[in-house]
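Heavy-atom basis, side chains included; hydrogens, waters and symmetry copies ignored.
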Amino acid sequence: MAKKKGKDVFKASAKAAKKAKAVQKIERKEKKKVTKSKDDFEDDDQDLESILDKIQREWEEAHKVTEELVEGPPSRRANATLTPCPNGNHLWCIGGEFFSEDGKAYFYSDVFRYSPEKNEWRKFVSPTCPGPRSAHAVVATPAGGGKLYLFGGEFSSLYQNSFHHYRDFWCFDISTHSWERIETKVRPTARSGHRMAMWKHYVVLFGGFYDPGIKTNYLNDLWIFDTQEYKWRQIEFRDNDRKPSPRSGFSFLSTPDGILLHGGYCKEYVKGSRPVGVMLDDTWFLRMTLNTETPTTGKSAADPLTLKWERRKKPSTAYAPSLRSGCTMALWSAKNIGILFGGVTDEDTSEETMESVFHNDLYGYQITGNGRWVSMLLKKPKKKGGAPKKKAAVLNTRPEPESDEEDFEDGEGSDEEGDMKETEKPSKPSKPAPSVKQTAPSAPPEDEVDPDDPMLTVPLPRYNAMLAVLRNTLYIYGGIFEKGSREYTLDDFHALALDKLDRYVCLKRSEIVISEGDEESSSDEDDDEDDEDDDDDEAQRDETESVTVVGDDEEKAVDVLEPIVEEDKDLRLKAAAFMGVAKDATRSPEDVISTPLPGETLAMFYARSREYWTQKAYGKSDNRGKLLRRDGFTLAEDRYAEYKPILEEVERILAEAGLDEEEMRKGAAAGPQGSSGQSRNRR
């Protein structure tokens with residue numbers, strides 16, 4: 001009995017030991033499994049860190065900004081933006097366009113910074129930046145270390161026959177010199193020639209134009225971008241509310257109470273008549289009120305921003321500028337005065353000719369109160385003794401006031417009559433002196449010239465110049481001047497101390513030679529020569545054509561073969577070249593009708609060229625009737641297939657520019673006839 005009991009105890013202890021051993025084995029397995037999982041997690045963490053590090057390096061490479069010290073101002077250009085830095089003593093110049101003497105257009109996307117203390121220009125290049133453009137709009141805000149906001153603009157074909165408008169929105173960080181594209185579902189339509197102003201934390205956009213190819217559509221819609229919420233919204237007004245008419249190229253200046261709008265340009269289209277350019281000189285004030293009160297409980301929050309257009313009466317003063325376009329005021333914030341320089345006055349004398357007068361005079365518009373124009377005449381230095389010398393002939397087109405003493409004085413800015421004297425304006429605006437219409441007056445004898453006369457320092461007349469006021473100094477760069485049948489894009493750079501008004505300082509002289517003998521009377525000969533050149537061009541059009549393509553940094557010459565382009569060329573380069581010649585007016589009618597357009601589907605292409613392809617098939621096939629039309633469609637389909645890769649790349653370029661598919665279709669529907677024949681620069 002004792003033996004059996006001892007045996008049972010041994011079995012129980014062995015069983016317990018076996019069970020404990022099994023538990024330990026399970027624990028070891030679990031521990032090993034946990035250790036392995038931990039190692040796997042550590043490996044995953046290491047992989048994730050390497051992935052994030054790779055992404056960071058790729059982003060930095062894509063956004064790497066290079067800074068370069070350059071000699072003098074940017075190259076010749078107009079319709080760029082010149083913006084005062086919101087948190088430093090700098091000027092920022094972005095984009096622009098250049099028209100060569102042979103009628104070609106070049107567009108830029110570069111960014112320059114000017115420092116007055118050092119009189120130096122620096123260029124900033126980033127892989128991520130807006131495309132080449134002109135007639136865009138830029139505003140500045142000191143928030144977040146300083147930002148520049150850019151919207152819209154245009155890019156034209158090499159021969160200015162077609163225009164592609166942007167609707168993209170960008171932000172330039174001044175501290176890092178990097179660009180960021182802001183994508184929003186709701187945004188303004190594509191446009192050029194619009195204006196923007198910064199009011200508190202809102203970007204305010206108004207007007208501009210859009211040219212689909214048949215006629216130029218001018219706009220008068222108002223948009224607001226909230227930089228805190230990153231949202232666009234359109235401001236709707238009632239039908240009976242007063243508001244400015246559609247226009248482009250106007251002045252748009254921000255004030256503490258709202259935004260001032262003055263002038264601009266548009267075209268009137270009357271059925272059966274040619275379009276007529278209209279210069280505007282009306283003044284409006286967009287009164288803006290921000291309601292910061294918290295709504296009471298139970299009531300829905302009202303719109304915190306209230307906007308209302310108010311039309312200002314035309315002031316009666318001799319200091320108001322004559323009717324003109326191509327001039328935009330810059331804000332002198334220290335005095336709350338808008339500064340206007342130059343411009344052009346066009347007068348349609350007949351169906352075929354247009355007389356133009358170019359200006360180089362200076363005006364000031366006091367924004368406070370009801371607004372009025374004030375004198376900005378340059379002041380002659382006081383003579384210590386002796387008889388004063390005679391005044392030199394100058395290129396100034398403004399009417400002289402009754403007294404030279406009625407000049408703008410430093411410190412003026414109130415509405416009191418004692419601060420700024422005004423005289424009654426004549427019933428009709430006086431026309432500029434005809435002597436400055438096209439040629440400069442002959443130089444007076446040396447003994448009659450006063451070397452200290454400040455009028456000798458006035459820049460050449462021009463329009464579409466870039467203006468900016470930094471502290472108390474006005475800066476003028478570039479612009480366009482026309483003489484006879486020729487157009488000159490300028491590259492000179494000037495400064496004027498507004499608080500002194502003593503003389504212009506030329507920071508960079510223009511090296512452009514303006515021909516003295518190129519008058520309008522020679523335009524007929526030029527036209528005859530152009531006709532002969534056109535005939536030669538058409539004879540050679542079927543062979544190889546040399547086209548200059550606008551790039552970010554330099555112009556590249558490529559050879560375009562019609563209909564097939566060399567396969568080893570880059571597709572983007574071929575697409576850019578195709579855009580440059582797609583609507584070239586010098587091409588033969590056969591070439592125009594047999595070439596598909598950007599945004600044109602196969603059905604649209606065949607619909608407008610059906611007769612051409614039917615005639616082609618008639619000479620190659622014995623079929624008639626329906627079978628002949630089918631052969632013609634096959635020829636059109638083959639032609640379209642040859643251009644399809646280029647057309648798709650062009651559509652990608654236009655999509656990157658911000659054009660919708662509908663807008664591309666509108667441009668294609670406009671056909672190859674191009675836009676109206678008047679000068680695009682007035683727009």
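- Rounding to the nearest 0.5 Å places CZ of Phe481 at 8.0 Å from CG of Leu490.
- In this structure, CG on Asn464 lies 11.0 Å from CG on Leu467, to the nearest 0.5 angstrom.
- Put simply, NZ on Lys483 and CG on Leu460 are 9.5 Å apart, with the number rounded to the nearest 0.5 Å.
- Shortest non-hydrogen contact noted between Gly264 and Ser325 is O-CB, 4.4 Å.
- Looking at Tyr269, its side chain does come within 3.5 Å of a backbone N or O of Thr216 through a donor-acceptor pair.
- Both cation-pi conditions hold for Arg77 and Tyr108: the charged atom is under 6.0 angstrom from the six-membered ring centre and inside a 45 degree cone around its axis.
- Proximity of the aromatic rings of Phe209 and His165 is defined here by a centroid distance below 6.0 angstrom, and this criterion is met.
- Taking CZ of Phe151 as the reference point, atom OG of Ser192 lies at 10.0 Å (rounded to 0.5 Å).
- With a 4.5 Å cut-off on side-chain heavy atoms, Pro73 and Lys508 count as touching.
- Arg509 CZ to His494 NE2: the interatomic distance, rounded to the nearest 0.5 Å, is 8.0 Å.
- For the atom pair CG (Asp211) and NE2 (His164), the distance works out to 10.5 Å, reported to the nearest 0.5 Å.
- Ser248 places no side-chain N or O within 3.5 Å of a backbone atom of Gly193 that could act as its donor or acceptor partner.
- Remark: Asp453 does not engage Arg503 in a salt bridge, criterion side-chain N to carboxylate O under 4.0 Å.
- Using a cutoff of 4.0 Å between basic side-chain nitrogens and carboxylate oxygens, Arg324 and Asp361 are scored as salt-bridged.
- For the pair Leu470 and Pro84, the tightest heavy-atom approach, listed with the atom from each and the gap, is CD1-CB, 3.9 Å.
- Across all their heavy atoms, Ala495 and Thr473 have their closest contact at CB-CG2, 4.0 Å.
- You'll find the side chain of Lys379 stays beyond 4.5 Å of the side chain of Pro454, heavy atoms only.
- Annotation: cation-pi pair Arg247/Tyr218 absent, no NZ/CZ under 6.0 Å from the ring centroid and within 45° of its normal.
- Note on Asp221 versus Arg191: salt bridge recorded, some NZ/NE/NH1/NH2 to OD/OE distance being below 4.0 Å.
- By the 4.5 Å heavy-atom criterion applied to side chains, Ile94 and Leu150 are counted as neighbours.
- Considering only heavy atoms from C-beta on, Glu482 comes within 4.5 Å of Tyr463 through its side chain.
- For His136 and Tyr166, the gap between ring centers reaches or exceeds 6.0 Å.
- In this structure, the side chain of Trp284 does not engage the main chain of Leu260 through any donor-acceptor pair within 3.5 Å.
- Between Lys380 and Asp452, the closest side-chain pair of non-hydrogen atoms is not below 4.5 Å.
- In this structure, a donor-acceptor pair under 3.5 Å is absent between the side chains of Asn336 and Thr368.
- Among all heavy-atom pairs drawn from Leu474 and Val469, the shortest one is CD1-CG2, 3.9 Å.
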Leu148 vs Val139, side chain to side chain contact (heavy atoms under 4.5 Å, CB included): CA-CA, chis, key distance, verdict: CA-CA 6 Å; Leu148 299 178; Val139 292; over 6 Å; no
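- Not counting sequence neighbours, the partners of Arg76 by the salt bridge (charged side-chain N to carboxylate O under 4.0 Å, His left out) test are Glu101.
- Partners of Ser100 under the side-chain hydrogen bond (donor to acceptor under 3.5 Å, both in side chains) rule, at least two apart in sequence or in another chain, are Asp102.
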Hey, mind stepping through Ile339 and Leu362 against side chain to side chain contact (heavy atoms under 4.5 Å, CB included) and telling me if it holds? CA-CA 7 Å; Ile339 305 298; Leu362 187 70; 3.6 Å; yes
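- Side-chain atoms of Leu286 and Val204, non-hydrogen and from C-beta on, do get closer than 4.5 Å to each other.
- Proximity of Leu378 to Leu496: side-chain heavy atoms (C-beta onward) are separated by under 4.5 Å at one or more points.
- Between Tyr477 and Trp121, the ring planes are tilted. Angles from 30° to 60° get that label.
- Side chain of Arg133 to main chain of Gly152: a donor-acceptor pair is present (N/O by atom type, distance under 3.5 Å, no hydrogens or angles).
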Trace of the side chain to side chain contact (heavy atoms under 4.5 Å, CB included) decision for Ser156 with Phe107: CA-CA 8 Å; Ser156 87; Phe107 288 76; 3.2 Å; yes
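- None of Ile337, Ile259, Leu331 except one satisfies the side-chain contact (heavy atoms from CB on, under 4.5 Å) rule with Ile367; the exception is Leu331.
- The nearest pair of heavy atoms linking Leu280 to Tyr265 is CD1-N, 4.3 Å.
- Closest heavy-atom contact between Ala135 and His194: O-CE1, 4.0 Å.
- Tested against His262, the residues Phe250, Phe206, Tyr363, Trp373 include a single ring-ring contact (aromatic ring centres under 6.0 Å, His included) partner, Trp373.
- Residues Thr283 and Arg311 are not in side-chain contact: their nearest non-hydrogen atoms beyond the backbone lie 4.5 Å or more apart.
- The backbone N or O of Gly95 sits nowhere less than 3.5 Å from a side-chain atom of Ser109 that would complete a donor-acceptor pair.
- Under the 4.0 Å criterion applied to side-chain N and carboxylate O atoms, Asp492 and Arg462 are assigned as salt-bridge partners.
- Thr457 places a side-chain N or O within donor-acceptor distance of the main-chain N or O of Tyr504, the cut-off being under 3.5 Å.
- Side-chain contact check for Arg195 and Thr328: at least one donor-acceptor pair (N or O, by modelled atom type) lies under 3.5 Å.
- No donor-acceptor pair under 3.5 Å is formed between the side chain of Asn220 and the backbone N or O of Gly207.
- Arg312 contributes no side-chain N or O that, together with a main-chain N or O of Glu310, makes up a donor-acceptor pair within less than 3.5 Å.
- Each of Phe112, Tyr114, Phe172 was checked for a side-chain contact (heavy atoms from CB on, under 4.5 Å) with Trp92, and the lone residue meeting it is Phe172.
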